[in-house]
Amino acid sequence: MFRKLPSSLLLCAAAAWADPVQIVAVAGGGQLLQDAKAPFEKKYGPGLIELSTQATPEAMAGAKVIFLAHPDPEFCRRISADYEKARRRGAVVLITQYQVVPQAWNYKPDLVRLKQVETLYSYGGLENNVSLLAALYQAGGGAKKITVPPALSMAQSGIWHPQATREFKNLKEYLEWYRPRLKPDAPLVGITFYNTYMRQRDVAHIEALIQALEKQGMGAVAAFGWPFHTQDPMLAIDGKSPLRVILALNLGIMRPDDTKWLTDHGVLAFNIQTSRETPKDWAEGMRGLPIDRIAHQVNTPERTGAALPLLIGGTEKRADGTEITVPIPERVEMCVRRINRWITLQDKPNAQKRIAFVYYNNPPGKGNLGASYLQVLPSMATMLRRLKDEGYDVGSRPPDGPQLLKILERSGRNVEKWAPGELEAMVEAGGMTLWPIEKYKQYFATLPAEFRSWINKEYGPPEKCELLRIETKDGRHFFIIPGVRSGNVFLGVQPLRGTFERITAITHDTRVPVPHAYVAAYLWWRYEFKADAIAHIGRHGTLEWLPGKQVMQSSWDHGDALQGDIPNPYYYITDGGGEALQALRRSAAVMMSHLTPILLSSGI
């Protein structure tokens, strides 16, 4: 004899097995889960699931199963109230790395189900995500009996190219496919990135880099995996790497073997990154990266040996609410231009290379050509001799230290407006470079509009510039470019940040732009002298302290706009680490350390 069940229990049982099963799945690569919904329905039938990849209060209120992949404590704190309501009404909750969740959650994992969904998620790929939805449907009490296939193992490392029909296990195999598509002398550039991008098929920024490199006649080797040094099969053949530069997105966790690999192979590594901010938020902000990402995305790659930090992508939301990485086209282009410049600097015959050495005369004066704990003039004379020995064109008789002092006091120093007539007298004595302001304005017009507007708003047109400008009797205006040329080397002084009455207040002010005379010097070195490198001599100049983002600069920030894509070897004292970081991060510098006097005399 059967007992009649209460109608309330019947309703609960019917609800427990009713379709569709509402799923909340918050995970990196949520866009791939959304993309997996259509093939899931094709395989198992329509109307079985409703999927939300955001833990909104509305989605949490109706969820029968909640999947959270690697949640951070702040996220857990935000959804705590909604989580508790879902738990009390019986929602199934599956959390990977659940050790981070608050104790108050009283979370007790179903280890069997958790292992199943965690394996499917971690292996990644579209087919595994279809299976992940099937596993979540089962966990949420779906009425239809379905079979969840085991996870398909995905490659943890390899080489990817958007035009290839497969991934490659090593560089030799890849180049057999790829080399016929390139010019014989095309330089190869590596791109290293975490395999999570591949698992989640979040690779638009990688594809943008590949396309930009190939457009400029370079080849791309996009290798996924981690740790970096374990990617040797994808970056080298028989212990030697043919790569000229590596763009590294996967140096965020310190591994000494990563540094050793870069050192042993002698490959210049760029620290390229993406941001969880939208490109718009990044562009409008002054930090460059959220402050909690600096250690992972900047500090650790620097300690590993990567330089030239540059942001090439941000995060956007799709119509379905999932987040994807999107390239920032202008920054991708700048990245490729810088690569091209560094490779040109390596390949160009020394006799043809043009180098601008920038020294400091701040505050101005005949006796103030120097840097912190560095004898600048003897050092530059030594550099000229070494360059001559290496086959550079430094003139028939490069000057020594005393000769340099005499020359630069005459024609290679800054002149303030409190010395009336002195600039004109120096011009009259000869040796100064006069650059017509009309020509300056042509190059100034090529700089980003935001940068130009900033300067014009503060100082007016270049004809009104108070520093290093003269007006001839016939009304023509010229900027003065102080310095001396010796063959293909130019020794030039960094212009002043501002006039005497303002300099104390604005030296490290990141809101006040530089005057036109400052811009003119960098543009002249780049476009008229045609420098292959603009090297800064000693701690420290002012370029790295100018207005703009703290790191991952945009094209209109001062360091990026002025130095442009030109290599910046920076000769810097070895104990100046904190200030050297400014140069690394804000002027695209590659540091060359020199010893302090104490270390030198100690014999260490």
Side-chain angles (χ1 to χ4, degrees), residues 122-125 152-214 218-274 300-301 304-308 312-313 325 332 335-336 339 342-343:
S122 64
Y123 277 20
L152 296 173
S153 180
M154 306 289 288
Q156 296 301 301
S157 61
I159 300 175
W160 173 78
H161 193 285
Q163 295 177 5
T165 58
R166 63 190 176 95
E167 294 156 6
F168 300 88
K169 294 183 293 184
N170 57 61
L171 184 56
K172 182 179 180 181
E173 181 183 295
Y174 174 70
L175 291 181
E176 288 173 356
W177 171 83
Y178 189 49
R179 267 298 185 189
R181 292 163 168 76
L182 301 174
K183 291 182 179 179
D185 60 346
L188 293 175
V189 176
I191 306 168
T192 62
F193 57 104
Y194 295 107
N195 58 22
T196 50
Y197 287 115
M198 287 298 297
R199 293 202 309 265
Q200 298 163 6
R201 288 300 186 263
D202 188 15
V203 291
H205 57 304
I206 306 298
E207 186 169 358
L209 280 171
I210 293 171
Q211 292 174 349
L213 287 165
E214 292 177 344
M218 292 177 272
V221 180
F224 60 92
W226 185 84
F228 172 83
H229 66 272
T230 64
Q231 295 180 276
D232 183 78
M234 282 74 74
L235 305 177
I237 300 174
D238 297 330
K240 294 184 179 180
S241 178
L243 305 181
R244 308 297 301 277
V245 171
I246 289 177
L247 306 177
L249 283 123
N250 61 347
L251 294 176
I253 301 175
M254 190 69 188
R255 291 289 187 275
D257 285 342
D258 295 347
T259 303
K260 185 177 186 303
W261 193 97
L262 290 171
T263 303
D264 290 347
H265 290 83
V267 182
L268 175 63
F270 283 38
N271 175 28
I272 61 171
Q273 295 292 340
T274 62
T300 301
T304 302
L308 301 154
I312 53 99
T325 305
V332 170
C335 181
V336 173
I339 293 168
W342 277 98
I343 291 176

Close side-chain approach of [X] and [Y], heavy atoms under 4.5 Å:
X      : Y      : answer
Leu243 : Val189 : no
Thr196 : Trp226 : no
Trp342 : Leu308 : yes
Asn271 : Leu251 : no
His265 : Asp232 : yes
Ser157 : Thr230 : no

Would you name the heavy atoms of [X] and [Y] that are closest together and state the gap between them?
X      : Y      : value
Thr259 : Thr304 : OG1-O, 2.8 Å
Asn250 : Gly225 : ND2-O, 3.0 Å
Phe224 : Ile159 : CE2-N, 4.0 Å
Leu171 : Ala236 : CD2-N, 3.7 Å
Leu209 : Ile191 : CB-CD1, 3.9 Å
Ala223 : Gln231 : O-NE2, 3.0 Å

Heavy-atom donor-acceptor pair, Ser241 side chain to Leu235 backbone, under 3.5 Å: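 Flag set: sc Ser241 to bb Leu235 pair under 3.5 Å.
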
Counting only N and O atoms by type, is there a donor-acceptor contact under 3.5 Å from the side chain of Arg179 to the main-chain atoms of Glu176?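 Here the side-chain-to-backbone pair does not exist.
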
Out of curiosity, [X] [atom1] to [Y] [atom2], how far, rounded to the nearest 0.5 Å?
X      : Y      : atom1 : atom2 : answer
Ile206 : Met198 : CD1   : CE    : 9.5 Å
Tyr123 : Gln156 : OH    : CD    : 7.5 Å
Ile339 : Leu268 : CD1   : CG    : 9.0 Å
Phe193 : Leu249 : CZ    : CG    : 8.5 Å
Leu262 : His229 : CG    : NE2   : 11.5 Å

Those residues that, when tested against Arg199, pass side-chain hydrogen bond (donor to acceptor under 3.5 Å, both in side chains) (two or more places apart):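 Per chain and number, Arg199 pairs via side-chain hydrogen bond (donor to acceptor under 3.5 Å, both in side chains) with Asn195.
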
Sequence neighbours excluded, which residues qualify as side-chain hydrogen bond (donor to acceptor under 3.5 Å, both in side chains) partners of Thr300?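 side-chain hydrogen bond (donor to acceptor under 3.5 Å, both in side chains) list for Thr300, sorted by chain: empty.
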
side-chain contact (heavy atoms from CB on, under 4.5 Å) assessment of Tyr174 paired with Met234: CA-CA 8 Å; Tyr174 174 70; Met234 282 74 74; over 6 Å; no

Run Leu188 and Leu182 through side-chain contact (heavy atoms from CB on, under 4.5 Å) and show every step you take. CA-CA 10 Å; Leu188 293 175; Leu182 301 174; 4.0 Å; yes

Might you work through the side-chain contact (heavy atoms from CB on, under 4.5 Å) test for Thr192 and Leu247, ending with a clear yes or no? CA-CA 6 Å; Thr192 62; Leu247 306 177; over 6 Å; no

Tell me whether the count of non-hydrogen atoms from other residues, nucleotides or ligands lying under 6.0 Å of OH in Tyr178 goes above 12.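 Atom OH in Tyr178 is packed in, count exceeds 12.
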
Would you please classify the geometry between the Trp177 ring and the Phe168 ring as parallel, tilted or perpendicular, with 30° and 60° separating the classes?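 Judged by the thresholds at 30° and 60°, the geometry between Phe168 and Trp177 is tilted.
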
Do His205 and Tyr197 have ring centroids that are under 6.0 Å from one another?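 Yes; His205 has its ring centre under 6.0 Å from that of Tyr197.
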
Under the side-chain contact (heavy atoms from CB on, under 4.5 Å) rule, what do His161 and Arg181 come out as? Steps first, then yes or no, please. CA-CA 12 Å; His161 193 285; Arg181 292 163 168 76; over 6 Å; no

Sequence-distant partners of Lys169, side chain to side chain contact (heavy atoms under 4.5 Å, CB included), two or more places apart: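 Applying side chain to side chain contact (heavy atoms under 4.5 Å, CB included) to Lys169 gives Glu173.
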
